[in-house]
Amino acid sequence: MGDYRQAYARSMDDPEGFWREAATAIEWTRAPQRILDDSAAPIYRWYPDAELNTSYNALDRHVAAGRGGQTALIYDSPVTGVVRAYTYQQLQEAVALFAGALRRLGVAGGDRVVLYMAMVPETVIAMLACARLGAVHSVVFGGFGARELAARIDDARPKVIVATSCGVEAGRVVPYQPMLDAALSAARHRPARCVVVQRPQQPFDLVPGRDVTWDAATEGAEPAGCVPVKATDPLYILYTSGTTGRPKGVVRDNGGHAVALRWSMEAIFATGPGDVFWAASDVGWVVGHSYIVYAPLLTGATTVLYEGKPVGTPDAGAFWRVVEQHRVTAMFTAPTALRAVKKEDPSGRLAAGRDLSSLRLLFLAGERLDPQTYEWAGDLLGVPVIDNWWQTETGWPIAANPRGLDDLPTKAGSPSLPSPGFRVRVVDPAGNDLPPGQDGSIVLGLPLPPGCLPTLWQDDERYLRSYLSAFPGNYLTGDGGRFDADGYLYVMGRTDDVINVAGHRLSTGAMEEVLAGHPAVAECAVIGVGDALKGQVPRGFVVLKAGFDGSGVEDELVGLVRDQIGAVAALRRVDVVAGLPKTRSGKILRRTMRAIADGRDEAVPSTIDDPAVLDALRPVLRSATNSPTRG
Ligand code: COA
Ligand code: AMP
């Protein structure tokens with residue numbers, strides 16, 4: 001464990017020295033003299049006096065070093081039948097041109113640009129174009145519906161929105177215009193313009209005065225150079241689900257982000273210049289931001305942008321086809337995607353005929369990696385399977401098996417060891433460290449390392465309240481788990497009402513708000529229940545107002561959540577029930593409901609108001625979780 005232990009110890013004993021050294025891998029327009037600013041603790045800032053441009057470090061720098069002809073991005077889209085590669089030089093030119101187009105539309109440093117886009121190269125180009133200007137992008141995942149989009153527009157207040165005209169799912173085109181129109185009519189904020197990437201599968205009906213096509217916007221635009229920004233200036237805002245309906249605007253700064261991602265790429269992901277890294281995620285999630293776009297490009301590697309699914313595009317051999325075709329050296333996906341592959345091709349027949357010799361490592365994250373999937377993937381591919389645990393807020397792995405530093409054993413069910421920079425603790429409710437083997441809340445001692453959120457978008461107070469107040473001096477991850485005697489961490493699940501559906505982080509609170517908005521609903525609860533494929537799926541329970549008989553209401557509620565939050569919420573089942581179990585003070589016993597639905601024995605809290613309500617609900621909770629209330 002020599003190198004890992006040494007790196008970890010140094011990052012704890014001398015964090016400023018550790019991150020000063022890591023910062024030398026980045027090209028700064030003003031190199032950092034000061035490393036950590038703790039003057040406003042518990043809000044910390046890394047590299048407070050430094051300046052750089054992230055887009056320069058991701059593109060221009062490699063071109064200037066004579067590597068412009070190397071492939072930067074491979075777009076592989078089985079849903080549209082397109083495979084297209086961009087060299088670093090080509091990507092740089094496309095980014096500079098779109099940055100010029102944005103500038104012509106009035107976008108300047110600090111302005112926000114919301115991207116509501118599918119997995120196409122223009123999305124990566126738009127992100128890097130914003131970074132080039134010092135503007136702040138906020139990508140909204142294409143599977144989200146109008147309500148989620150509107151909430152993000154109102155919070156980020158973008159000058160421009162960039163949208164693709166549609167997404168293409170396996171066997172289904174998803175038009176984005178209805179969602180964008182509905183979001184803009186619901187939102188209070190008005191952007192100056194919408195730039196639309198017209199896709200042939202379903203073009204936009206352009207709204208005069210509002211919409212301009214990507215082609216028209218870039219036509220004759222003056223390519224823009226890189227604008228140096230402060231290391232502490234925001235690079236992007238990525239909204240993530242909290243326990244309430246209002247998403248949290250996680251802010252990422254420029255300097256700490258560039259340093260941490262560049263460092264993680266080699267130390268954790270063992271990927272260097274010229275390697276081919278494929279994160280089969282979506283740019284709408286943090287994994288996509290960090291490991292489809294920024295980290296591979298900051299490193300000078302080749303990244304694969306895959307617009308397809310693990311199954312159905314066209315079959316469960318799609319992943320292995322991509323690895324073979326593009327000579328992928330390291331792949332990153334979510335356990336749920338492998339469970340989907342395993343379900344259709346349990347013996348791995350579709351991998352057998354492929355030349356997968358380029359693949360050195362498989363990384364998995366986004367949800368707990370169950371030991372069965374870990375074993376199956378390792379047996380199938382014959383490469384180390386590396387679980388890594390992190391969240392939108394941290395931007396890079398809190399715990400992993402750092403393949404570039406060391407050759408440490410992996411253990412089924414554990415994302416291995418805390419990454420250098422993260423002071424990971426497992427604590428009891430009073431904040432005392434728990435011994436190995438005992439479950440508690442996982443918290444991170446402050447300061448968090450570079451790359452993690454410095455705060456929430458224009459809301460320091462919410463940042464402090466949500467993350468830093470439960471255990472002063474520590475960041476609350478919201479996950480529970482334990483260490484073993486070797487210091488390996490086991491992350492067992494959320495301790496709050498955030499759920500994880502097919503590797504997608506969702507808020508049951510947001511779904512409850514939508515259900516509660518229906519005129520027939522008196523009260524409701526949404527809980528996450530275990531699911532063999534998706535890890536968890538949501539289920540809704542509603543009590544109707546007097547006078548409503550409930551006919552058809554379950555279907556309507558399922559449809560409402562699909563429209564408002566998005567298909568990705570995957571709420572397929574809502575039950576009308578006579579009552580919801582509560583404490584005497586009126587709090588719904590969601591945890592008890594969850595335990596019963598998952599078939600676990602859990603003591604009924606002594607604070608329960610009326611045990612008969614819970615008894616009446618038991619059979620409904622225990623009924624098959626996946627049978628939809630509508631087709
Ligand atoms: N745009 C529009 N709709 C989307 C979407 C997007 N970007 N992503 C998902 N959806 C839709 C799906 O089409 C589906 O619609 P349906 O109800 O009409 O079938 C719905 O949202 C639910 O999607 P999902 O939960 O993804 O289920 P699925 O059955 O389509 O696919 C998996 C299951 C496991 C194959 C898929 O979830 C998957 O690949 N997961 C990996 C996720 C991942 O990589 N996460 C990132 C963390 S690393
Ligand atoms: P997100 O912010 O969407 O990346 O989701 C973060 C949450 O996903 C974490 O708080 C965990 O609950 C869960 N998660 C992500 N990776 C892992 C992992 N490797 N093991 C266990 N849980 C994980």
Side-chain angles (χ1 to χ4, degrees), residues 79 116-119 140-145 164 166-176 179 238-242 248 250 279-292 306-313 316 318-319 332-344 363-370 374 386-400 413-416 442 453 476-481 489-496 498-506 531 533-538 558 562 565-572 628:
V79 292
Y116 186 50
M117 300 180 78
M119 287 282 286
V140 181
F141 174 60
F144 278 132
T164 42
C166 63
V168 186
E169 287 289 285
R172 180 167 72 98
V173 172
V174 183
Y176 282 9
M179 256 101 71
L238 181 57
Y239 288 87
T240 190
S241 300
K248 291 173 172 158
V250 168
S281 176
D282 190 290
V283 279
W285 305 111
V286 70
V287 172
H289 279 64
S290 293
Y291 295 104
I292 296 175
Y306 175 67
E307 188 180 29
K309 300 278 169 178
V311 293
T313 59
F319 275 4
F332 188 149
T333 186
T336 195
L338 288 188
R339 287 196 297 269
V341 172
K342 179 175 161 211
K343 193 170 161 208
E344 293 205 1
F363 294 92
L364 294 172
E367 57 177 326
R368 180 164 184 270
L369 172 55
D370 53 291
Y374 164 85
I386 311 298
D387 184 6
N388 54 112
W389 166 61
W390 45 301
Q391 6 183 259
T392 305
E393 290 86 342
T394 65
W396 61 285
I398 308 166
S414 167
S416 298
I442 311 181
L453 80 172
L476 181 72
T477 65
D479 282 305
L489 187 66
Y490 289 75
V491 181
M492 304 311 288
R494 299 287 303 193
T495 53
D496 55 18
V498 167
I499 58 172
N500 197 309
V501 181
H504 308 317
R505 174 166 161 185
L506 297 164
D531 180 81
L533 177 66
K534 297 192 175 189
Q536 278 184 305
V537 289
V558 166
R562 191 178 167 92
I565 296 186
V568 72
L571 178 72
R572 303 238 195 285

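Atoms considered below: every heavy atom in the structure, side chains included; atoms not considered: hydrogens, waters and symmetry mates. In each ligand, atom 1 is the first atom listed, and ligand 1 is the first ligand listed.
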Mind running side-chain contact (heavy atoms from CB on, under 4.5 Å) on Val558 and Arg572 for me, showing each step along the way? CA-CA 6 Å; Val558 166; Arg572 303 238 195 285; 5.5 Å; no
Any chance you could lay out the side-chain contact (heavy atoms from CB on, under 4.5 Å) test for Tyr374 and Asp387, step after step, and finish with the verdict? CA-CA 8 Å; Tyr374 164 85; Asp387 184 6; 5.8 Å; no
Test side-chain hydrogen bond (donor to acceptor under 3.5 Å, both in side chains) on Tyr306 and Thr313; report intermediate values, then the result. CA-CA 11 Å; Tyr306 175 67; Thr313 59; 3.3 Å; yes
Please test Leu506 against Phe144 for side-chain contact (heavy atoms from CB on, under 4.5 Å), starting from the C-alpha separation and ending with a verdict. CA-CA 10 Å; Leu506 297 164; Phe144 278 132; 4.1 Å; yes
For Lys343 and Val311, what are the C-alpha separation, side-chain angles and deciding distance, and is it a side-chain contact (heavy atoms from CB on, under 4.5 Å)? CA-CA 10 Å; Lys343 193 170 161 208; Val311 293; over 6 Å; no
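Using a non-hydrogen distance threshold of 4.0 Å, Ala279 does not register as a contact of ligand 1. Heavy-atom distances between Arg339 and ligand 1 stay at or above 4.0 Å for every pair. Every heavy atom of Val501 sits 4.0 Å or more from the atoms of ligand 1. Put simply, part of Ala365 is less than 4.0 Å from ligand 1, judged by heavy atoms. At least one heavy atom of Arg562 sits less than 4.0 Å from an atom of ligand 1.
Residue Leu364 holds its CG atom at 11.0 Å from OG1 of Thr336, rounded to the nearest 0.5 Å. Phe332 CZ to Ser281 OG: the interatomic distance, rounded to the nearest 0.5 Å, is 7.5 Å. A distance of 12.5 Å separates OG1 of Thr240 from CZ of Phe141, quoted to the nearest 0.5 Å. Atom CZ of Arg339 sits about 5.0 Å away from atom CG of Asp370, to the nearest 0.5 Å. In this structure, the separation between CD on Glu367 and NE2 on His504 is 9.5 Å, given to the nearest 0.5 Å. In this structure, CD1 on Ile565 lies 8.5 Å from CG on Leu571, to the nearest 0.5 angstrom.
Between Ile398 and Gln391, the closest side-chain pair of non-hydrogen atoms falls below 4.5 Å. In this structure the side chain of Leu453 never reaches within 4.5 angstrom of the side chain of Lys248, judged on heavy atoms. Contact annotation: the side chain of Ser290 approaches that of Trp390 to within less than 4.5 Å [non-hydrogen atoms, C-beta and beyond].
Counting protein heavy atoms only, atom 43 (C) of ligand 1 is closest to Ala334 CB, 4.0 Å. For atom 39 (O) of ligand 1, the nearest non-hydrogen atom of the protein is Pro310 CD, 3.2 Å. Scanning all protein heavy atoms for the shortest distance to atom 14 (C) of ligand 1 gives Arg172 NH2, 4.0 Å. Of the protein's non-hydrogen atoms, Glu169 OE1, 3.2 Å is the one closest to atom 10 (N) of ligand 1. Closest protein heavy atom to atom 24 (P) of ligand 1: Lys534 NZ, 3.7 Å. Nearest protein heavy-atom contact of atom 20 (C) of ligand 1 is Ala567 O, 3.3 Å. Of the protein's non-hydrogen atoms, Ala502 O, 3.2 Å is the one closest to atom 42 (C) of ligand 1. The protein non-hydrogen atom at the shortest distance from atom 46 (C) of ligand 1 is Ser281 OG, 3.3 Å.
Less than 4.0 angstrom separates atom 30 (O) of ligand 1 from none of the non-hydrogen atoms of the protein. Counting protein heavy atoms under 4.0 angstrom from atom 12 (C) of ligand 1 gives one or more. Within a 4.0 Å radius of atom 36 (C) of ligand 1, the protein contributes no heavy atom. At least one protein heavy atom sits closer than 4.0 Å to atom 3 (N) of ligand 1.
For the side-chain hydrogen bond (donor to acceptor under 3.5 Å, both in side chains) test, residues two or more places apart in sequence or in another chain that qualify with Trp389 are Asp479. Applying the side-chain hydrogen bond (donor to acceptor under 3.5 Å, both in side chains) criterion to Lys342, with sequence neighbours excluded, gives no partner residue. Scanning for side-chain hydrogen bond (donor to acceptor under 3.5 Å, both in side chains) contacts around Glu307 gives Tyr75, Ser77, Arg199, with sequence neighbours left out.
Contact residues for ligand 2 (protein heavy atom closer than 4.0 angstrom to any ligand atom): Val286, Gly366, Glu367, Arg368, Asp387, Asn388, Trp389, Trp390, Gln391, Thr392, Asp479, Val491, Arg494, Asn500, Arg505.
In summary, the atoms of ligand 1 found under 4.0 Å from a heavy atom of Lys309, numbered by their order in the structure, are 8 (N), 9 (C).
With a 4.0 Å heavy-atom cut-off, ligand 1 is reached by the side chain of Arg572 but not by its N, CA, C or O.
Of the listed options Ala337, Ala280, Gly503, Ala280 places a heavy atom closest to atom 44 (O) of ligand 1. Between the choices Phe332, Phe141, Tyr291, the shortest heavy-atom distance to atom 8 (N) of ligand 1 belongs to Phe141. By heavy-atom distance, the residue among Val283, Val568, Thr336 lying nearest atom 41 (C) of ligand 1 is Thr336.
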